[in-house]
Asks: 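The structure under discussion is supplied below as structure tokens; questions concerning it will follow.
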Amino acid sequence: MFCYQCEQTKRNHTADGIFMGCADTKGSCGKDATTADLQDLLVYLIQGIAYYQYQFAPTQGIDKKAAEFILYGLFTTLTNVNFNATRFSSLIQNAKELRDQLAEKSGGVKPSDAPNTPLTLVPQSDVEGLLAQAKIARVNAQQDTVGADVIGLRTLILYGLKGVAAYAYHAFMLGYQKDEIHLEMARLLSELMSESVDLNGLLKEALAVGELNLQVMALLEQANTEQFGTQQVTPVRTTPVAGKAILMSGHDLHDLKLLLEQTQGKNINVYTHGEMLPAHAYPQLKAYPHLVGNYGSAWQNQQQEFAAFPGPIVMTSNCIIEPQASYRQRLFTSGPVGWAGIRHVADGDFSAAIQIAQAMPGFKTSEVEKTITVGFGKHTVLGVADAVINAVQQGAIKHFFLIGGCDGAVPGRNYYTELAEKTPHDTVILTLGCGKYRFNQLDFGSIGGIPRLLDVGQCNDAYAAIEIAKALAGAFHCGVNDLPLSFMVSWFEQKATAVLLSLLALNVQNIHLGPSLPAYLTPNLIAILQEKFSLKANGNAEDDLAMALSPK
Ligand code: SF4
Ligand code: SF3
């Protein structure tokens with residue numbers, strides 16, 4: 001196996017200094033070599049599907065089945081989503097079938113008959129055979145010929161597209177899609193087959209991934225808002241309520257809505273976990289009285305927190321980690337998520353989980369109510385734009401920070417707690433993604449009635465944060481880079497890669513990225529990004545704050 005798609009990749013090198021990443025038998029996330037290799041093969045075949053989609057869409061239109069498969073297939077290979085090797089064996093066969101159907105539909109024209117390309121590879125029928133084929137599908141397979149810089153940019157494009165696919169899949173599940181998004185996705189994926197070694201051209205394509213992600217995040221925001229209403233400022237209970245309970249984690253608001261419908265009138269309280277927290281701000285979700293609160297904290301604490309939860313748990317997207325024996329029997333996966341031996345919810349039918357909730361005692365007593373406040377989406381913040389602008393003009397607010405993104409498990413993440421704690425009292429923090437769990441229980445107070453910590457939502461709500469920044473820039477007649485605003489972005493997996501590319505596509509300068517830079521960015525690529533975007537690697541929280549606050 002070879003994987004270096006997330007921040008917690010092993011940073012080992014051979015004696016000759018060659019970067020190893022997660023290799024051998026298992027990655028830091030627990031992904032085994034078989035699953036990793038099968039994921040590579042799936043992504044390889046998806047490039048073949050994308051090729052035909054892109055070539056023939058102008059005359060034959062977008063093949064919706066292929067479009068959905070591309071989104072689902074890529075999403076399922078994201079960090080901490082699916083660890084079930086068997087699932088990947090069958091997805092590989094599905095991918096081959098789909099590719100060949102698409103090829104047939106379009107007359108089968110391909111640039112060459114070379115064997116074992118994404119257009120011609122015929123996957124073996126057994127796992128051993130597939131594993132023997134997987135080597136050519138590794139992201140670094142051509143490193144000896146094209147070099148680490150080209151591989152780094154190709155992987156930046158691929159990993160960004162994985163993140164885009166996850167967001168697009170959430171929108172798709174809510175019934176929102178656009179042909180131009182599918183087409184651009186197909187174009188960029190098929191570009192990965194190109195022999196180009198032109199770094200400028202590849203960087204341009206990486207920024208095109210960022211532009212595509214902006215469109216997709218906008219579509220997802222539209223989907224969430226039209227389906228569930230505009231986010232409202234909402235205090236969310238973080239302490240248990242006596243009674244039977246189900247916990248839902250991940251990003252999929254559509255799944256949560258289904259669960260709320262199916263548990264209605266059944267005397268079961270529904271709790272959100274991790275990235276599901278912003279759900280409480282949506283009127284049509286919070287209208288369910290049995291959506292009682294948020295339980296636990298960020299995904300990396302799930303083994304202890306799930307063990308202590310007195311009911312079933314449903315994981316709807318990342319991040320799942322190895323289920324412990326104490327809760328395996330009451331854990332469910334849904335959508336792209338998978339773990340061998342863990343029950344998978346089919347077609348949005350949560351009845352098996354509901355039965356378990358009914359059979360379990362639930363929380364025996366209610367704890368004293370504690371809350372955190374969510375719901376500072378685009379409309380909420382822009383709704384008080386005049387007060388915010390006024391506070392800036394009066395000097396009451398001196399600076400804005402966006403401290404957010406994806407969270408990882410390594411101790412270096414305390415950087416973000418320290419950073420948030422040390423922000424001066426006349427500054428406002430916008431946050432989003434699961435990185436917020438490092439500080440969202442702290443009391444930051446308010447400035448003239450404006451809370452100092454504004455939770456904008458899930459990681460995809462980076463779109464809203466960008467819109468807020470643009471609106472502020474408009475009000476002050478300047479560019480986003482001229483605002484007293486600093487982007488302190490934490491990244492962990494591929495959705496954060498997509499968001500980073502969106503910020504770069506908008507030419508946002510001086511982003512502080514951490515806790516460490518992606519391993520696929522070689523020193524040369526980092527130098528290029530520093531030169532073009534003044535991208536900064538995290539140092540220590542105090543110095544970085546001082547740097548962010550120093551006059552531009
Ligand atoms: Fe390693 Fe991350 Fe890949 Fe898991 S997803 S194998 S931790 S690089
Ligand atoms: Fe977190 Fe896994 Fe990415 Fe939506 S839940 S941000 S890491």
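All values reported here derive from a predicted model rather than from experimental measurement. Remember, it's 1-based here, ligands and their atoms both numbered in the order they're listed.
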Asks: When you look at F19 and H13, which way does the ring-ring contact (aromatic ring centres under 6.0 Å, His included) test go after all the steps?
Replies: CA-CA 4 Å; F19 177 77; H13 293 79; 5.5 Å; yes

Asks: Judged by modelled atom types alone, do S317 and E275 share a side-chain donor-acceptor pair under 3.5 Å?
Replies: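 Judged by distance alone, the side chains do not pair up.
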
Asks: Using a 4.0 Å cutoff against the non-hydrogen atoms of M1, which atoms of ligand 1 qualify?
Replies: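 Ligand 1 atoms under the 4.0 Å threshold to M1: 6 (S).
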
Asks: Is the centre of the Y167 ring less than 6.0 Å from the centre of the Y169 ring?
Replies: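 Here the rings of Y169 and Y167 have centres that are no less than 6.0 Å from each other.
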
Asks: Report the part of Q5 in contact with ligand 1, treating N, CA, C, O as backbone and CB onward as side chain, heavy atoms under 4.0 Å; options are side chain, backbone, both, neither.
Replies: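 The part of Q5 near ligand 1 is both the backbone and the side chain.
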
Asks: Can you tell which part of Q458 has a heavy atom less than 4.0 Å from ligand 2: side chain, backbone, both or neither?
Replies: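 None of Q458 does.
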
Asks: For G21 and T9, which heavy atoms make the closest approach, and how far apart are they?
Replies: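 Closest approach of G21 to T9, heavy atoms only: CA-OG1, 3.5 Å.
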
Asks: So what does the C459 SG - atom 4 (Fe) of ligand 2 - H251 NE2 angle come to, to 10°?
Replies: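 About 110°, to the nearest ten degrees.
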
Asks: Closer than 4.0 Å to some heavy atom of C22 - which atoms of ligand 1 meet that?
Replies: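 So the atoms of ligand 1 that pass are 1 (Fe), 6 (S), 7 (S), 8 (S).
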
Asks: Would you call the rings of F439 and F444 parallel, tilted or perpendicular, where under 30° means parallel and over 60° means perpendicular?
Replies: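 Perpendicular, since the angle between the ring planes exceeds 60°.
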
Asks: Which is closest to atom 4 (Fe) of ligand 1 in terms of heavy atoms, A519, A409, G30, C29?
Replies: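 Nearest option to atom 4 (Fe) of ligand 1, by heavy atoms: C29.
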
Asks: Test D455 against every option in I372, V233, L277, V236 by the side chain to side chain contact (heavy atoms under 4.5 Å, CB included) rule and name the one that passes.
Replies: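 Answer to the side chain to side chain contact (heavy atoms under 4.5 Å, CB included) test with D455 among I372, V233, L277, V236: L277.
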
Asks: List ligand 1 atoms under 4.0 Å from G27, heavy atoms only on the residue side.
Replies: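 Near G27, the atoms of ligand 1 are 6 (S).
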
Asks: Tell me if a side-chain donor or acceptor on T76 pairs with a main-chain N or O of Y72 at a distance below 3.5 Å.
Replies: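 No.
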
Asks: Among F306, Y437, F492, exactly one meets ring-ring contact (aromatic ring centres under 6.0 Å, His included) together with W299. Which residue is that?
Replies: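 Exactly one pass, corresponding to F492.
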
Asks: Suppose we only count N/O/S atoms under 2.8 Å; would C434 qualify as near atom 4 (Fe) of ligand 2?
Replies: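 C434 does not place any N, O or S atom closer than 2.8 Å to atom 4 (Fe) of ligand 2.
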
Asks: Could you tell me which atoms of ligand 2, counted from 1 in the order shown, lie closer than 4.0 angstrom to a heavy atom of F492?
Replies: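 Answer, ordered by atom number: 7 (S).
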
Asks: Give me the nearest non-hydrogen protein atom to atom 3 (Fe) of ligand 1 as residue plus atom name, then the distance to 0.1 Å.
Replies: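 Answer, as residue, atom name and distance: C3 SG, 2.3 Å.
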
Asks: Does K10 have more than 12 heavy atoms from other residues, nucleotides or ligands lying within 6.0 Å of its NZ?
Replies: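 Correct, the count exceeds 12.
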
Asks: Looking at every heavy atom in both I320 and V81, which two are closest together, and how far apart are they?
Replies: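 Nearest heavy atoms, I320 then V81: CG2-O, 3.7 Å.
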
Asks: Do the ring centers of Y271 and F309 come within less than 6.0 Å of each other?
Replies: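 When the ring centroids of Y271 and F309 are compared, they turn out to be within the sub-6.0 Å range.
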
Asks: For atom 2 (Fe) of ligand 2, find the nearest protein heavy atom and state the residue, atom name and distance (0.1 Å precision).
Replies: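 Of the protein heavy atoms, C319 SG, 2.2 Å lies nearest.
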
Asks: When you measure from the heavy atoms of N318 to every atom of ligand 2, does any distance fall below 4.0 Å?
Replies: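 Within the 4.0 Å threshold, so yes.
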
Asks: How far apart are the closest heavy atoms of E221 and K378, and which atoms are they?
Replies: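 Shortest heavy-atom contact: OE1-NZ, 3.1 Å.
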
Asks: Check contact between E275 and ligand 2, using heavy atoms of the residue and a distance below 4.0 angstrom.
Replies: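 E275 counts as a contact of ligand 2 under the 4.0 Å cut-off.
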
Asks: Do me a favour and list the nearest non-hydrogen protein atom to atom 5 (S) of ligand 1 with residue, atom name and distance?
Replies: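 Nearest neighbour among protein heavy atoms for atom 5 (S) of ligand 1, to 0.1 Å: T79 OG1, 3.3 Å.
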
Asks: Apply the side chain to side chain contact (heavy atoms under 4.5 Å, CB included) test between W491 and each candidate in L517, T497, L500; give the one that qualifies.
Replies: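 Single side chain to side chain contact (heavy atoms under 4.5 Å, CB included) partner of W491 among L517, T497, L500: T497.
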
Asks: Out of all atoms in ligand 1, which are within 4.0 Å of some heavy atom of Y4? Include the element for each.
Replies: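 Near Y4, the atoms of ligand 1 are 8 (S).
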
Asks: Which of the atoms in ligand 2, numbered in the order shown and given with their element, are less than 4.0 Å from a heavy-atom of D407?
Replies: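 Within the 4.0 Å cut-off of D407, ligand 2 contributes 7 (S).
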
Asks: If the cut-off is 4.0 Å to any non-hydrogen atom of T9, which atoms of ligand 1 fall inside it?
Replies: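 Every atom of ligand 1 under 4.0 Å from some heavy atom of T9: 8 (S).
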
Asks: Distance under 4.0 Å to a non-hydrogen atom of C6: what atoms of ligand 1 satisfy this?
Replies: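 The atoms of ligand 1 under 4.0 Å from a heavy atom of C6 are 2 (Fe), 5 (S), 7 (S), 8 (S).
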
Asks: List every atom of ligand 2 that sits less than 4.0 Å from any heavy atom of W299, numbering the atoms from 1 in the order shown and giving each element.
Replies: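 Those qualifying, in numeric order: 2 (Fe), 5 (S), 7 (S).
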
Asks: Give the residue and atom name of whichever protein heavy atom lies nearest to atom 3 (Fe) of ligand 2, and the separation in Å to one decimal.
Replies: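 That would be C406 SG, 2.2 Å.
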
Asks: With atoms numbered from 1 as shown, which atoms in ligand 1 lie under 4.0 angstrom from a non-hydrogen atom of Q8?
Replies: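 Here the atoms of ligand 1 in question are 7 (S).
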
